[in-house]
Amino acid sequence: MLGFPILGGELSNSAATSVEDIDEVMPRMRALGLNTVLVPAYWELTEPVEGQFDFTLIDRTIDVARREQLHVVFLWFGAWKNSMSCYAPGWFKQDTKRFPRAMTADGKPMEIASCFSDNVLQADLKAFSALMQHIREKDPQRKVVVMMQIENEIGMLESARDHSPLAERVYRQERWAERYGTDDMADEKFMALSYARYVEQLAKAARRIHDMPLYVNAAMNSRGRRPGEYPSAGPLAHLADFWHEGAPSIDLLAPDIYDTGFKAWAAQYAMPQRPQDGGKVENRLFIPESRCCENSGVRALYVFGEHQALGFSPFAIDQASRKETESVTNAYALLRQLAASRYSPFTSSASPKTWGLLFDQEDKERIIDDNGVVMTCRHYFTLPWDARATDGSTWAEGGAMIIRLGKYDYLLAGSGVVVDFKTPTEKQQAERQQLGEDGFAEKGSQPAQPSTKRFKGKRLGLLSVDEVAIDDDGTLKYLRRHNGDQTHQGRHARISVGEWKILHIQLYEYEQ
């Protein structure tokens, strides 16, 4: 879809509403280490007078991004943004006869344009088509603008579905209640298909005018809320079939992840291949919005390693503190090196096998069996001697990408993780005595009980653990050897919390 990973950041909603804003913010994004900036394209500023278009902000964004060697993903803030029609132009908002609103069951109009109105569709479609045509003229080879988001977090709030007269007519014609029932879950499905059909009209126009990857984003149905209590009927994972049916021209359904349970939300959108479609991936993971925080960097490494994500993008990165953006800058520096290497996990289906690690105080261990190499991966603070593990503070998340280069040959890139390597038989027979940093038994720890059975099988050892960088030509550049205290006398490879490194780990097998 794209020849590079999107190491992105999304601007806050009002960050690109003047040329002065754009001139100030885009160089900062480059300095943070991004390769792609997600930038709103505002309908109200693009068509302030009906039929008269102003692309000053679009042009400035493209020009400055080109100068700063950045890619751009435009976000069409058209008929809906976070459910509401707040970015529609004033002439649209004020003419509710031509552009009717969605209604609750008791007839209350909402600040949400009805997707069942052809007038709403045609006005939105005209503006969006003009935008796509202008981008084609400004950036015909797609050197800068690489992808488009259509609308933003579409969905119904306050009511699970639109009850306006236009909506009721379609609801009855399609005999929806007879097919799916009348509860709020059935109402959400009706709206999901209806929103998808609407979006499909914009997507088809985009394909005709300036073909590029297209996606829609979703606010998550989290915290036990019911349809209507979140932007329901959007491109949510449990509604994917309705969105695929209604909007086949859309490439990606993308999650905006702000709540706890990051790994679980991401997994819902890394949808598997469909054998009936010749192995086509149903939905490649792309996270256009995620809470910008001190854990953003390790989360990025996780999704690229575990799900071969298309991209990752913290939201409102332009407003985040340095403490919050440092992790993004550090993680993206590692990912840029990996992308440039001859072992790049981002090139094609022939890319090397990768895994993602992401740990916190509750979820702190993962065991991976790579064809006889058992990797026990843990949060760095599971090591007993780091005082930060027990000082009462919340653990910073640890995360990494593991890349298999060959048999007994791995790269580990990340922060705050520790990994040991064993054969399956060795793992089964491993002693569980707690050892100190020097490798001696911890004072007061329970001594290992002597085994009544003779050890059988082979073991794995660390042949070498080298901290490396990756040159521009893609080759590994040796920085320093990790051994002794840095590998717990040959027991594991580790990267401390707060450090960001790439380790080249080579193993060897032995038996007596």
[Y] backbone acceptor or donor facing [X] side chain under 3.5 Å:
| X | Y | answer |
| --- | --- | --- |
| Q337 | I470 | yes |
| Y269 | A237 | yes |
| H307 | V303 | no |
| R136 | I209 | yes |
| D466 | V468 | no |
| T61 | L57 | yes |
| R342 | L476 | no |
| K189 | L239 | no |
| T36 | G8 | no |
| W243 | A233 | yes |

Report the relative orientation of the aromatic rings in H71 and F4; use parallel for angles under 30°, tilted for 30 to 60°, perpendicular for over 60°.
parallel

Aromatic ring pairing F92/F99, orientation class (parallel under 30°, perpendicular over 60°, tilted between):
parallel

Looking at [atom1] of [X] and [atom2] of [Y], how far apart are the two atoms once the value is rounded to the nearest 0.5 Å?
| X | Y | atom1 | atom2 | answer |
| --- | --- | --- | --- | --- |
| L285 | E306 | CG | CD | 10.5 Å |
| I502 | L338 | CD1 | CG | 4.5 Å |
| E10 | N217 | CD | CG | 7.5 Å |
| F116 | L166 | CZ | CG | 9.0 Å |
| L131 | K138 | CG | NZ | 13.5 Å |

Passes side-chain contact (heavy atoms from CB on, under 4.5 Å), I112 versus D162? Steps please.
CA-CA 9 Å; I112 300 173; D162 183 359; over 6 Å; no

Assess the pair F128 and Y198: is the distance between their ring centroids shorter than 6.0 Å?
no

Hey, are [Y] and [X] close enough side-chain-wise for a donor-acceptor pair under 3.5 Å?
| X | Y | answer |
| --- | --- | --- |
| N119 | S117 | no |
| Q149 | Y215 | yes |
| E200 | S249 | yes |
| H210 | D139 | no |

Residue pair H244, N283: steps toward the side chain to side chain donor-acceptor pair (under 3.5 Å) verdict:
CA-CA 10 Å; H244 287 144; N283 199 75; 4.6 Å; no

Are the charged groups of [X] and [Y] less than 4.0 angstrom apart, N to O?
| X | Y | value |
| --- | --- | --- |
| E326 | R322 | yes |
| R60 | D63 | no |
| R197 | E174 | yes |
| D472 | K477 | no |

Test the R299-F262 pair against the cation-pi criterion, namely NZ or CZ under 6.0 angstrom from the six-membered ring centroid and within 45° of the ring axis.
yes

Quick check with a 6.0 Å cut-off and a 45 degree axis cone: is R161 positioned over the face of Y171's six-membered ring?
yes

Distance-minimising heavy-atom pair for [X] and [Y]:
| X | Y | result |
| --- | --- | --- |
| D251 | M212 | OD2-O, 4.1 Å |
| W265 | S222 | CZ2-CB, 3.5 Å |
| A254 | P288 | CB-CD, 3.5 Å |
| T354 | P345 | CG2-CB, 3.6 Å |
| A127 | W43 | CB-NE1, 3.3 Å |

Taking the side chain as every heavy atom from C-beta outward, state whether [X] and [Y] have any pair of such atoms under 4.5 Å apart.
| X | Y | value |
| --- | --- | --- |
| I154 | P231 | no |
| Y332 | N35 | no |
| I317 | L34 | yes |
| M148 | I135 | yes |

With sequence neighbours excluded, what pairs up with D363 under the salt bridge (charged side-chain N to carboxylate O under 4.0 Å, His left out) test?
K263

So does R291 have more than 12 non-hydrogen atoms from other groups sitting under 6.0 Å from CZ?
no

Applying side-chain contact (heavy atoms from CB on, under 4.5 Å) to E50 and not counting sequence neighbours gives E47, W91, R98

Walk me through whether C377 and F359 qualify under side-chain contact (heavy atoms from CB on, under 4.5 Å).
CA-CA 9 Å; C377 314; F359 302 121; 3.8 Å; yes

